[in-house]
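Encoded as structure tokens, the structure appears first; notes follow it.
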Amino acid sequence: MATPVLHLALIPGAGMGHLRPFLRYARLLVHHQYCRVTLITSHPTLTLEESELISSFCSALPQVNHIQFHLPPVDAATAKVTDPFWLQFEAIRLSDHLLSPLLSSISPPLSAVISDMILTFCLLPITESLCLPNYILFTTSARMLSFLSCFPAVHGSKSSASSASFDGEVLEIPGILPIPKSSISPFLLDPNSRFANIFMEDSLKVPKLNGFLVNTFKELEGQTMEALNGGKVVKGLPPIFSVGPLLPCEFERKDQLGTTLKWLDGQPEGSVVYVCFGSKAAMKRDQIRELGDGLMRSGSRFLWVLKDKPVDRDEEEELDEVVGDDLKESMKKQGLVVSKWVDQGDILGHKAVGGFISHCGWNSITEAAYNGVPILAWPQHGDQKLNSEIVVMSGLGIWMKSWGWGGKALVKGEEIGEAIKEMMGDESLRLKAAEVKEAARKAIGVGGNSEVTFKTLIDEWKK
Ligand code: BUP
């Protein structure tokens, strides 16, 4: 058996949406004959789900060297953020003094570090001082990477490396479809927000990194990838590699009883709308009730992952407390509502699922693309409107732009019901989604773009 000649450290950020692609990529690497992998995670994790997932990953892949670093406590007032996920990011960003000795003491010495973009601020000076190549596993879209690279233009900074311009309404980035102001998170438009400051700092660091691995594929974002790599977005960017779609793995499975899958087994093919807004977004109760009403009005069967808390969910929570007694009773006849973690990868791959109401977190989009499931986009915050634009551009789904950001204005059940009918009844959408599915499978199949990129990266790291 060949001895590994590469030692790669993977350092994810916080939240399931960031952790999962790292673990999926780590699994690919560890199965390569030349690779040894060290996974470096922060402790404690923000959610129980993350710590359980890390344990399950380590049990499934004991050859991975797992190291934890202990986070300092961070005060919300000092950090000027209240969102628990951003507080966790802040704590990680304040841990540079721990990461430097940790990285330099790893044995055998590292060949490269693959880290989350959110850590760049504290990690890049360390990797530079240790002369370690630093690659980013970018957990969202290439479109979002273009936006990040040009972010100073949003706040009026001119740069000779980029001719991106913002006229107050639209961000024009050469080579990619313009980004309307309405798609940019309000936090990032406020020059004084902590988020905008972090983006500004990170944007300036993008050219200093050794490369970006993006969980995307040619047929989904080929034009944007070409613009990024062709120097159109910003001159002098490092190489950007498409490595996706990164697929759900066995170690991610949580629903050992297969409750949701058993329910899906009893439903006709393509008949079920799957509803999930990711691991972070929690809808307000009045919007949850309207969504329940909309699902009922659509006439479709549904599987709804209901979440009204931003961090871990309380599985004991009573549905009637959230949606009310009447709606709870009528919903039982038409769908299944769960308030616990489900195995989304399996659900999207089930033949009964014919549509997906999604917040458009990037992992969810790539998982839907891989399974050819049409999406009704309902972005809630962050990068999700930019991602929704890709859903529409690729033909994978539809987006009711008038609904705006989730939580801003109440979207009524009637409208939701009509939008669901549109998604579920559109045969051309179904066919287009099936084409995206074929392209996704081709990308990671033998000789596909992402598969070839994987080998290219291994060769690059071996040099
Ligand atoms: Br909720 C939920 N089961 O019950 P996104 C999510 N997931 O498997 P987010 C489950 O978590 P960010 C559940 O398949 C996806 O891989 C889902 O990531 C899985 O959204 C992941 O879609 C969620 O990127 O993260 O959680 O909002 O904001 O970082 O994109």
Side-chain angles (χ1 to χ4, degrees), residues 12-25 27 45-50 52-53 56-57 83-86 88-89 116-118 137-141 143-145 185 187 195 214-216 244-255 258-261 274-283 303-315 336-350 353 356-371 373 375 377-388 390-391 396-397 405-407:
M16 285 297 247
H18 289 250
L19 179 62
R20 285 185 161 226
F22 270 84
L23 301 186
R24 291 173 188 179
Y25 199 65
R27 192 194 68 102
T45 56
L46 178 64
T47 62
L48 184 62
E49 274 138 10
E50 287 164 80
E52 285 177 357
L53 179 60
S56 166
F57 170 86
D83 177 286
F85 290 93
W86 276 96
Q88 185 82 352
F89 287 141
D116 195 304
M117 187 66 208
I118 209 81
L137 176 55
F138 201 65
T139 56
T140 176
S141 53
R143 185 163 174 76
M144 188 64 185
L145 178 54
S185 162
F187 291 118
F195 307 104
V214 189
N215 182 14
T216 194
L246 295 172
L247 302 183
C249 304
E250 184 62 38
F251 61 77
E252 296 176 29
R253 287 220 165 88
K254 279 199 80 175
D255 182 4
T259 318
T260 51
L261 296 180
Y274 170 59
V275 189
C276 181
F277 291 88
S279 63
K280 291 181 189 155
M283 273 187 172
L303 169 54
W304 181 10
V305 182
L306 186 90
K307 185 169 183 295
D308 78 335
K309 292 196 178 66
V311 185
D312 287 317
R313 277 160 289 173
D314 176 2
E315 297 191 14
L336 178 67
V337 184
V338 288
S339 58
K340 64 181 174 63
W341 191 263
V342 298
D343 294 331
Q344 179 167 299
D346 290 337
I347 291 172
L348 287 170
H350 197 287
V353 174
F356 180 15
I357 305 182
S358 172
H359 69 313
C360 291
W362 190 244
N363 295 296
S364 293
I365 293 180
T366 56
E367 290 158 16
Y370 180 75
N371 289 296
V373 179
I375 292 178
W378 192 350
Q380 302 292 305
H381 54 73
D383 57 347
Q384 294 157 13
K385 280 198 181 181
L386 292 188
N387 298 345
S388 302
I390 300 163
V391 166
L396 184 61
W405 289 108

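Ligands are counted one by one from 1 in listed order, and the atoms in each one are counted from 1 as well. All values below come from the heavy atoms of this structure, side chains included, with hydrogens, waters and symmetry mates left out. Throughout, residue positions are numbered sequentially from 1 according to the sequence presented.
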Spacing of CG belonging to L348 relative to NE2 belonging to H350, to within rounding of 0.5 Å = 11.5 Å
Ligand 1 versus W341: contacting region, heavy-atom distance under 4.0 Å | both
Heavy atom of R253, distance to ligand 1 below 4.0 Å = no
Taking the side chain as C-beta and beyond, is there a heavy-atom pair between I390 and I365 under 4.5 Å?
-> no
Please identify which atoms of ligand 1 are closer than 4.0 Å to at least one heavy atom of R24.
-> 16 (O)
Distance, nearest 0.5 Å, that separates NZ of K340 from NZ of K254 | 9.0 Å
For W362, which of L386, T139, N387 qualifies under side chain to side chain contact (heavy atoms under 4.5 Å, CB included)?
-> N387
What distance do Q384 atom CD and S388 atom OG have between them, rounded to the nearest 0.5 Å?
-> 7.5 Å
Option with minimal heavy-atom separation from atom 17 (C) of ligand 1, where the choices are Q384, Q344, Q380 = Q344
Within a distance under 4.0 Å of any heavy atom of G17, pick out the atoms of ligand 1 and give their elements.
-> 18 (O), 25 (O), 29 (O)
How about H18 and F89: are their ring centroids closer than 6.0 Å?
-> yes
Can you list the atoms of ligand 1 that are under 4.0 Å from a heavy atom of C276?
-> 1 (Br)
When rounded to the nearest 0.5 angstrom, what is the spacing between CG in N215 and OG in S141?
-> 10.0 Å
Should you measure from each heavy atom of H359, which atoms of ligand 1 turn up under 4.0 Å away?
-> 9 (P), 20 (O), 22 (O), 27 (O)
Please determine if K340 has a nitrogen or oxygen closer than 3.5 Å to a nitrogen or oxygen of ligand 1.
-> no
Does at least one non-hydrogen atom of E252 fall below 4.0 angstrom from an atom of ligand 1?
-> no
Classify the contact between M144 and ligand 1 as side chain, backbone, both or neither, using a heavy-atom distance cut-off of under 4.0 Å.
-> neither
Which ligand 1 atoms, with their elements, are less than 4.0 angstrom from a heavy-atom of H18?
-> 29 (O)
Nearest to atom 8 (O) of ligand 1 by heavy atom, D343, L246, L19, V342: which?
-> V342
Residue pair G13 / I118: nearest heavy atoms and the distance that separates them = CA-CG2, 4.1 Å
Whether F195 and F187 hold their rings parallel, tilted or perpendicular, with breakpoints at 30° and 60° = tilted
Nearest heavy atom to atom 30 (O) of ligand 1 wins, so pick from G382, G361, G13.
-> G361
